[in-house]
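Encoded as structure tokens, the structure appears first; notes follow it.
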Amino acid sequence: MTPKSTHTRVAVIGAGVMGRYHAAVYTALPSASLVAVVDPDGAARDYAASQYGCDVFESVDAMLAATHVEAASVAAPTSLHHAVSTRLLEAGVHILVEKPVATDVAQARELAALSRLRGRVMQVGHITRFYRAVQLLKREVTRPYLIEARRLTPNTRIKDVGVILDLMIHDIDIVLGLVSSPVAEVSVAGHALNGSVHEDVAAAQITFTDGCIARFLASRVAPDAERSLVVAEANQTFRLDFAREPHTEIAIYRPQPSAGDGNHVHVDRHVVFEDNPLRKELEHFLARIRQAESPIGTLEDDLRSLTLATDLMARLRASGRHATFPAVET
Ligand SMILES: NC(=O)c1ccc[n+]([C@@H]2O[C@H](COP(=O)([O-])OP(=O)(O)OC[C@H]3O[C@@H](n4cnc5c(N)ncnc54)[C@H](O)[C@@H]3O)[C@@H](O)[C@H]2O)c1
């Protein structure tokens, strides 16, 4: 395939579930040319070559030796993000690293420092920042007193990190985008199931110094998928249901003054078409490279989310409440 020559030459590193979404979006974007896919797995490379018509490579080094790449999405397993991203930044490549940016804060800080040193964009794939419903919350919510986030799935595919880095970090990032007050208190409990070395279920409660309480439940061993968020403040409560993709259902409850007995609540229901948040995320990445847009979410925001997520993990391990349940007999 002939690359669209005036456009950013991009690569996708890791052509699994998420990398294929990135590759498909880049292929369709007028401002990008997908020139390479890297994956050590031969079947993943064959799929990419046939599907996107780009060059495929076994390793980042082989790609860098063979072709010129300006930007790359890093969608390899999380435990490899630091090594892969370091190699790309050192070669002068702008990177979009899937969330979580790394498995610990020190590695994430190193990458942030390297991207600044090399003058390259580093964006973290916190896709929820590109959901219209989340953007609506950021505009409308001023001082929440209670937030409850549930993110449950029956999918145990990701093995290299636990459910806090895999799923809960999405909600941590949303909540930290709504509450600017510092964290005052943290509690967490969780379980590893079926011989897993990482937690598959985690429940956490964060109290902020302004009094707001945020409760999180994340599971990748749930019988069914659920992704919901409730945000309550004095004069209104938002209830979001993200599990209706490509739509998010939003209900806004507002108490109404009433002359008679009983509580009167006015409910506004909205269905928001999310219009491919991944495409918006990648368009934003490309626009940042062209210096046409300033970041939606900074590296400090990414570090804040990772810091809280890894703090929960450390407390969970230290607490002894990280119970390991035996394999389920089938
Ligand atoms: N933003 C989101 O909503 C979202 C959703 C799912 C996954 N993710 C993130 O995307 C990343 C990948 O997750 P996934 O679900 O696609 O996993 P996956 O296991 O489906 O895919 C990972 C791919 O990376 C390849 N790989 C392994 N080592 C590699 C290397 N050294 N270089 C290049 N490729 C290599 C594997 O062969 C595999 O094809 C993870 O960090 C995950 O947290 C983000």
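All of these numbers come straight from a predicted model, not from anything done at the bench.
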Just list the side-chain donor-acceptor pairs under 3.5 Å for residues 53-66, sequence neighbours left out, or say none.
residue : atom : partner : partner atom : Å
S59     : OG   : A62     : N            : 3.1
D61     : OD1  : R87     : NE           : 2.4
D61     : OD1  : R87     : NH2          : 3.3

Please list every donor-acceptor pair under 3.5 Å in which a side-chain atom of residues 40-48 meets a protein atom from a residue at least two apart or in another chain.
residue : atom : partner : partner atom : Å
D41     : OD2  : A43     : N            : 3.4
D41     : OD2  : A44     : N            : 2.9
R45     : NH1  : D39     : O            : 2.7
R45     : NH1  : P40     : O            : 3.1

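R244 and D241 are joined by a salt bridge, as a carboxylate oxygen and a charged side-chain nitrogen come within less than 4.0 angstrom of each other. The existence of a salt bridge linking R116 and E300 is confirmed by a sub-4.0 Å separation between a basic side-chain nitrogen and an acidic carboxylate oxygen.
No side-chain N or O of Q256 forms a donor-acceptor pair with one of H266 less than 3.5 Å apart. Side-chain contact, H191 with E199: no donor N or O sits under 3.5 Å from an acceptor N or O. Counting only N and O atoms by type, the side chains of R9 and T67 include a donor and acceptor under 3.5 Å apart.
Atom CZ of R254 has more than 12 heavy atoms from other residues, nucleotides or ligands within 6.0 Å.
Sorted by first and then second residue, the salt bridge (Lys or Arg N to Asp or Glu O under 4.0 Å) pairs involving residues 26-36 (not counting sequence neighbours) form an empty list.
Between I206 and I213 there is no side-chain heavy-atom pair separated by less than 4.5 Å. For the pair V101 and L306, the minimum side-chain heavy-atom distance is below 4.5 Å.
Panel note: side chain E233, backbone Y145; no donor-acceptor pair is recorded below 3.5 Å.
S294 and H284 get closest at one heavy-atom pair: O-CE1, 3.2 Å.
By the 30° and 60° cut-offs, the orientation of the rings of F242 relative to Y131 is perpendicular.
Under the salt bridge (charged side-chain N to carboxylate O under 4.0 Å, His left out) test applied with D171, the options R151, R150, R227, R215 reduce to a single match, R151.
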